[in-house]
Every structure is written in C-alpha cells, then in structure tokens.
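Each remark here refers to the structure printed beneath this line.
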Amino acid sequence: MFLMRDMLPRAAAFLILHKPRQLLRSLSTALPASLKVLCSEGRLGEAVVEMALLGTGMKFDGYDAILNVCVDRRALAEGQRVHSHMIKTCYAPPMYLRTRFIVHYVKCGRLVDARRMFDEMPLRNVVSWTAIISAYSQQGRASEALCLFLEMARSEIKPNEFTFATILTSCTGFSGFQLGRQVHCLLLKSGFGAHIFVGSSLLDMYAKAGKMHEARGIFECLPERDVVSCTAIISGYAQLGFDEEALELFRQLQREGMDSNYVTYASLLTAIAGLAALNHGRQVHSHILRRQVPSYVVLQNSLIDMYSKCGRLSYSRRVFDDMLERSVISWNAMLVGYGKHGMGREVVDLFSLMRKENKVKPDGVTLLAVLSGCSHGGLEERGLELFHEMVNGEGKVEPEIEHYGCVVDLLARSGQVEAAFQFIQNMPIEPTAAVWGSLLGACRVHSNVEMGDVVGRKLLEIEPENAGNYVILSNLYASAARWEDVRNLRELMKEKAVIKDPGRSWVDIDQMLHSFHASDRAHPRREEIFAKVRDLSTRLKEAGYIPDLSCVLYDVDDEQKEKILLGHSEKLALAFALIATSEGAPVRVIKNLRICVDCHTFAKLVSKVCWREISIRDKNRFHHMVGGRCSCGDYW
DNA sequence: GTAGGGTTAG
C-alpha cells in the first residue's frame, strides 16, 4: 500500500486514506497501470495484488486477462488464487472461463483439479469436453479418455475436428485399435475425415497398429500435406522396420517439396540406423548441420543411435559429449551402443558417470542396457552386482521380465548354467520363450547337453514355430553326436510346419545397399560372388574350417547340406563385400537375424586368412572379427 | 478456448 501511494496521483492517495470504498469503484480507471495493462505486460504478481484490491469489482474481462497470463506461464499458485478469489467473491464463471481453468490445470500437470473443474460445470460445450479428453490423452490415460468420449457422445454434444484428432491419438496402439476403427466410421459421417489434423492422427493410428496399407491409403487421400502428416507416414514405415520404404518415401516427398523438421529427421535416422546405411546417415547429419535444424535432444538421440548402429561409436560419443542437455534416452542410447559392441568396461564407466551427474534418473531401459552390456562385454559379476544395486538400492527400478532374462544371460554366460536354471524357476514372473532361449544358447556354448535337453524341450513347447530354437538344439545334439535326436528334431520341425524367418544380409557400399537372401541369384555379379564363396571355402578348409552341418535342418545328404550352408545370406554378402572393396579395407555386413554358428566360424577365419577386419551386425549385437577372433568371445 | 507426427529397449 505504501509503495502504491508513492506511485498514485494525489487524489487517489486521498481516497486510500479517507474513502476506500469509493477508491475500489474507481480503481480500474484511476490507476495508471490497470489490471489489463499489468496482464498485457506480464506483471502477474502485481495483477494478483490488484485482483485482491478489486474484490467484487472483478468482472469477466479481468479474470480472462489474468487467467491467460497464468496459462501462458503455467503459474499454478497464481491460478489457484484467481480460482479462490472467484469463490470468495461469489463470482459464477461462465463456461469459457471454466474451460480456460481446465486448460490451465492440465498445463500445470494437475489432472485432478482439471477434472474437478470439469465435473462442477453446470453446462459444457464441445471445447470443454475436448479439453478434458485431451488432458487424459496427454497423460497417457487412453482408456479414461475413451470413456469420456463415449460419455460425450451420450450427452449429444457433437465432436468437432479437435475432438476427433484427440481421440484418434488415444486409440493409437493395438488395444484401442478396434475402437479407433469405429471412430473412423463416425468420422466418415461427420465430414471431418479430410481435415489435415484428423487425417494425420488417423493415419498414425493405422500405422501404429501395423496397418501400413490403410495408413498409406489415408495419406494419399489427404487434401493437402504438411510436415506432420509426411513425418507420420515416414515414421510409420520406420517403426515397423520397413526401412527401405521409409527412405524411399522420404526421397519422393522431398522431391515433391515436402517440409522437414527435426521430427522428420529423427524418424528418417531411425530407418537409416535400421539399415546401417552409414553413408546416408552422414549425409543426413551434414544436411541437418547445414540447414541449421535446431539440435533438439530428440534429434541428437537419433544421431547417437544411428552412428552406433552403423558401427561408429566414436561419432555417437562425440554427439553425446556435445549435448548441452541430455535425457534418459540419450544415456540409454549411448549405453546400448557400447553394449552391442561388447564394450562392457565403457558401459560400466558411463553408467557410473550417469549416477555421479545425478541429473537424469535411470529407468527400466537403462537397467536393461547395463545388464546386457555387462553380459555382452564379459563382465558377468559386475552385471549381477549392478542388478542387485538397481533393484534394491536408492531410486530403484522395478525389474521386468526382460531384466530377469538378462540375469539369466549373465549367470549362464559365466558358466553357472544350473544357477541360471534355478533362477528361472524362482523368478516372480512367468518365464517367456526369450528367457528359456537365452539359457538354451548358453547350454550350446557350454556344451551342457543334459540341461540343454530339458530347456530345449520346454522351449519347443512354448514356441514350436520358432525355427531358430530347433537349429540351436540341433547344434547341441550334434556336438554330443546324438544323431538320433537330431533326426527326431528334424521330424518334429517338419510336423510343426515351421516356416523359417527369411534371413537377409546386406552391405552398404558407396551409398548402395546390396541385399542378399539365402542362395540369392538376383545380384548382377552373382557368378563372381558364388565363385568367391567357393574359393573362400577351399582356402578356409586348409586353415581348419569344418562346415557345421548341424546348422542345416533339411533332410538332405551332407554334400547338399554343405551347399546350403555356403548359400547363407551372410556368406554371400561377405563375399560380395570382399570383391567390391579394395584389398585390406574393413568390411561391414548387416544381418536381420542372429548369425548362425557356421557363418560365425567362417567369417572369423576369413578375417584371418584374408587379412581383413570384419564387422557383422546381427539382430543382437556387433561381431568385430580380427585375425580369426571375434569380440563376442564366441558367446552370443 | 480444445487438435495431429518424434529418440533408447523389447
């Protein structure tokens, strides 16, 4: 009050001292800085003081002005004072202001307050309904958002384009997909189906449900395209692993003049990472730098991942180190990168740094990255220690089935196959096929046939359709010369009509991806490639290579088996890479599945006999082969 | 006033 007195004209000062009631009435005109001016200048604190002074003098305009500043600033405390001021002065806010309050509470993360405001509304319109639905949707509470939508439909308020865009986002993912289809039908009747926001959330919903054909159809029918709809369709392909399609569509849309922003590039980099197309990735990176696309955390995370999946961890680390701000995903991407390259020491060190910095809280993915990093990097004991620390210690992470799977891996890898078996039996969660699968892999490496027999049978019960399991079990039986079991296994596999996942390997040479499937004869240089494979086979045999026929589960003679083995896609890709690159140059091969034992042995020997550094990225990790040895230590 | 696409893991 005293401060204000100095600022006020003499007449107003007189009023403060002698006629306060009169003053209140005249304040809005008498004060040089009225409530509206304060609000337009963003002087929220002073505005709140003036609101208190105005008392019942506050009208719609005043509340509107002050609430707008609160919404912009996400000023929770001030908003609450406005709210209680209304209650105290018995002001009944109109629908518009109540809706603004909902938005304000949502922006401050106060879903409960928003909902209370909504529930207390005597009348609601489509905007208030959409605001509360979007509140639940943004918090990831899709089913509640959907319930509210149905309630809205019952109350005979017609959804508008905002409502449809919101609700379709909530239907994203498999669980809401059926309802999403119904919303789609409603949409067709409403006339909002061609709206660009509605259209892009609709196509995104179909894409995330794995229905790319429908998503593409919707995309093609959009009356106009913008950066969001283009990004949605590209990321749809990328997330489903249709990396080449994503890349091709990006090129096409770019030719047609599409706008790109950091989200577009992040999605594009996902596809490039999947293909391990390093040259494309570098090109995109320099394009981003040249165009001065803002380096948002999301985009930098994508770059870290892209370089790591392309085998360039030092580039990943450079991006990571240059970041001004890092999210948990940045740390996870870097940790996963080290892990996949078998660099256990670096995983442990980086994780220590993360804890020391203490800016970002580790999550379930961090735990996964650390455990699998220790496992791939041969730090079994450290991995088990960290598991116990993270699960029991401060800021603990709730372990899920994948984490238990990693522990099984750690135990089994360190040779404690029995302990791993015990661990599975005592887990608080039902083991999945993946958990048994990693134990079976361990039994193969440690040649523990008895245990492998038990585990393999369990696995074939749970997952009879997975051909990989039959192959590993066959490797195991063969190593113990249990040919009868190998034969039975082959019969069983025939009976269960297992269709093998189509294996595919490729190499990236001069920005061209050369892709091969088993016994592929499509490549223009096929004759040279097959000749090279045969030549390698001869040379490797002199160096001790014995084809592992137990990797073939077809009922054919041994000569035929050997031919099938030589046709494996990774051998074709490797042979092509050798003839397409100069003598002594390192070679990089990418495979969509796990590499088989025979191809692993073959490639290791190639690295020795041909004096080449070979890196093979399979589904799980990188295999760096030099002089006949592999960074995985023959455990994968 | 209320709305759409994104990064790690599986």
Side-chain angles (χ1 to χ4, degrees), chain A residues 64 67-68 71 94-104 106 124-135 137-138 152 159-170 172 192 195-205 207-208 215 219 222 225-236 238-239 259-270 273 296-306 308-309 316 319-320 326-337 339-340 362-373 400-403 405-406 432 434 619-620:
Chain A
D64 185 33
L67 194 50
N68 275 332
V71 174
M95 192 175 352
Y96 173 89
L97 282 182
R98 292 179 197 259
T99 307
R100 287 301 281 161
F101 265 112
I102 294 175
V103 174
H104 169 67
V106 171
R124 300 167 187 138
N125 64 5
V126 60
V127 180
S128 34
W129 275 103
T130 307
I132 194 71
I133 291 171
S134 127
S137 170
Q138 279 167 35
M152 170 184 173
N160 65 10
E161 65 271 38
F162 289 79
T163 327
F164 278 119
T166 306
I167 207 65
L168 285 167
T169 313
S170 285
T172 291
F192 291 121
H195 187 277
I196 180 121
F197 277 37
V198 181
S200 37
S201 46
L202 189 64
L203 82 83
D204 186 55
M205 181 193 78
K208 295 224 169 75
F219 179 72
L222 287 176
R225 289 169 181 173
D226 65 1
V227 61
V228 175
S229 49
C230 290
T231 306
I233 190 79
I234 292 169
S235 97
Q239 280 167 5
D259 247 356
S260 306
N261 63 16
Y262 77 105
V263 183
T264 324
Y265 290 116
S267 302
L268 181 65
L269 286 168
T270 305
Y296 293 115
V297 176
V298 168
L299 185 50
Q300 290 169 310
N301 292 346
S302 278
L303 284 167
I304 293 174
D305 184 53
M306 182 274 291
S308 120
K309 286 190 175 142
S316 296
V319 175
F320 180 85
R326 300 184 189 101
S327 67
V328 66
I329 294 179
S330 326
W331 291 94
N332 291 349
M334 200 65 232
L335 288 166
V336 167
K340 292 217 174 199
D363 65 3
V365 180
T366 319
L367 179 56
L368 211 59
V370 171
L371 296 179
S372 84
E400 288 169 43
I401 187 69
E402 290 82 7
H403 302 115
C406 281
T432 55
K619 198 163 173 263
N620 286 343

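Here is the naming used below: chain letters follow the sequence lines, and residue numbers restart at 1 for every chain. As the structure is a prediction and not an experimental result, all values here were calculated from the model.
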* Just call it for A/S200: base, sugar-phosphate, or nothing, with non-hydrogen atoms closer than 4.0 Å on any strand. => base
* To do: Using a heavy-atom cut-off of under 4.0 Å over every strand shown, decide if A/D226 touches base, sugar-phosphate, or nothing.
  => base
* Where the side chain of A/N125 meets the backbone of A/S128, is there a donor-acceptor pair that is under 3.5 Å apart? -> yes
* Would you check if the side chain of A/S229 reaches a backbone N or O of A/R225 as a donor-acceptor pair within less than 3.5 Å? => no
* Would you indicate which nucleotide in B/dG4, B/dG10, B/dT7 comes nearest to any side-chain atom of A/Q239? => B/dT7
* To do: Using atom CG of A/L299 as one end and atom P of B/dT7 as the other, report the distance to the nearest whole Å.
  => 12 Å
* **Side chain of A/A165 - closest among B/dA9, B/dG4, B/dG5** => B/dG4
* Distance check: side-chain N/O of A/Q138 vs OP1/OP2 of B/dT2, anything under 4.0 Å? -> no
* With a non-hydrogen cut-off below 4.0 angstrom, is A/S235 in contact with a base, only sugar-phosphate, or nothing? -> sugar-phosphate
* Asked: If we ignore angles and hydrogens, is there a donor and acceptor under 3.5 Å between the side chains of A/T166 and A/S134?
  -> no
* Asked: Picking from B/dG4, B/dG5, B/dT2, which would you name as closest to the side chain of A/T264?
  -> B/dG5
* Between P of B/dT8 and CH2 of A/W331, the distance in whole Å -> 18 Å
* **Worked check of side-chain contact (heavy atoms from CB on, under 4.5 Å) between A/V336 and A/K340** => CA-CA 6 Å; A/V336 167; A/K340 292 217 174 199; 3.9 Å; yes
* Tell me what A/M306 touches on the nucleic acid: a base, only sugar-phosphate, or nothing, going by heavy atoms under 4.0 Å. => nothing
* Would you indicate what A/K309 reaches in the nucleic acid, counting non-hydrogen atoms under 4.0 angstrom: base, sugar-phosphate, or nothing? => sugar-phosphate
* Structure fact -> Side-chain contact check for A/V103: nearest option of B/dT2, B/dG5, B/dG10 is B/dT2
* **Pair A/S201-A/D204, side-chain donor/acceptor within less than 3.5 Å** => no
* Which of these nucleotides, B/dT8, B/dG4, B/dA3, is closest to any side-chain atom of A/S134? -> B/dA3
* To do: Say whether, by atom type as modelled, one donor and one acceptor occur between the side chain of A/H403 and the main chain of A/G364 under 3.5 angstrom.
  => yes
* To do: Would you mind reading off the distance between A/N261 atom CG and B/dG6 atom P, rounded to a whole angstrom?
  => 12 Å
* Structure fact -> Closest of B/dG6, B/dG1, B/dG5 to the A/V298 side chain is B/dG6
* Rounded distance in Å - CD1 (A/I102) to C1' (B/dT2) -> 10 Å
* Asked: Could you give the CG-to-P distance, from A/D363 to B/dT8, as a whole number of Å?
  -> 13 Å
* Asked: Expressed in angstrom and rounded to an integer, what is the separation of A/F320 atom CZ from B/dT7 atom P?
  -> 19 Å
* Asked: When we call it a touch if two heavy atoms are under 4.0 Å apart, what does A/Y262 touch: a base, just sugar-phosphate, or nothing?
  -> base
* Asked: Is there a side-chain contact between A/T163 and A/M152 (heavy atoms, below 4.5 Å)?
  -> yes
* **Touch class at under 4.0 angstrom, heavy-atom based, for A/T270 against every strand present** => sugar-phosphate
* Structure fact -> Testing B/dT8, B/dT2, B/dG4 for proximity to the side chain of A/N332, the answer is B/dT8
* **Distance, rounded to the nearest Å, where A/H403 contributes NE2 and B/dA9 contributes P** => 13 Å
* Would you mind reading off the distance between A/K208 atom NZ and B/dG4 atom P, rounded to a whole angstrom? => 11 Å
* Taking the side chain of A/I329 as its heavy atoms from C-beta onward, which of B/dG1, B/dT8, B/dA3 lies nearest to it? -> B/dT8
* Asked: How is A/L202 classified with respect to the nucleic acid when contacts are heavy atoms under 4.0 Å: base, sugar-phosphate, or nothing?
  -> nothing
* Asked: Taking the side chain of A/D204 as heavy atoms from C-beta outward, which of B/dT2, B/dG5, B/dT7 is closest to it?
  -> B/dG5
* Proximal nucleotide (of B/dT8, B/dG5, B/dG4) relative to the A/V227 side chain -> B/dG5
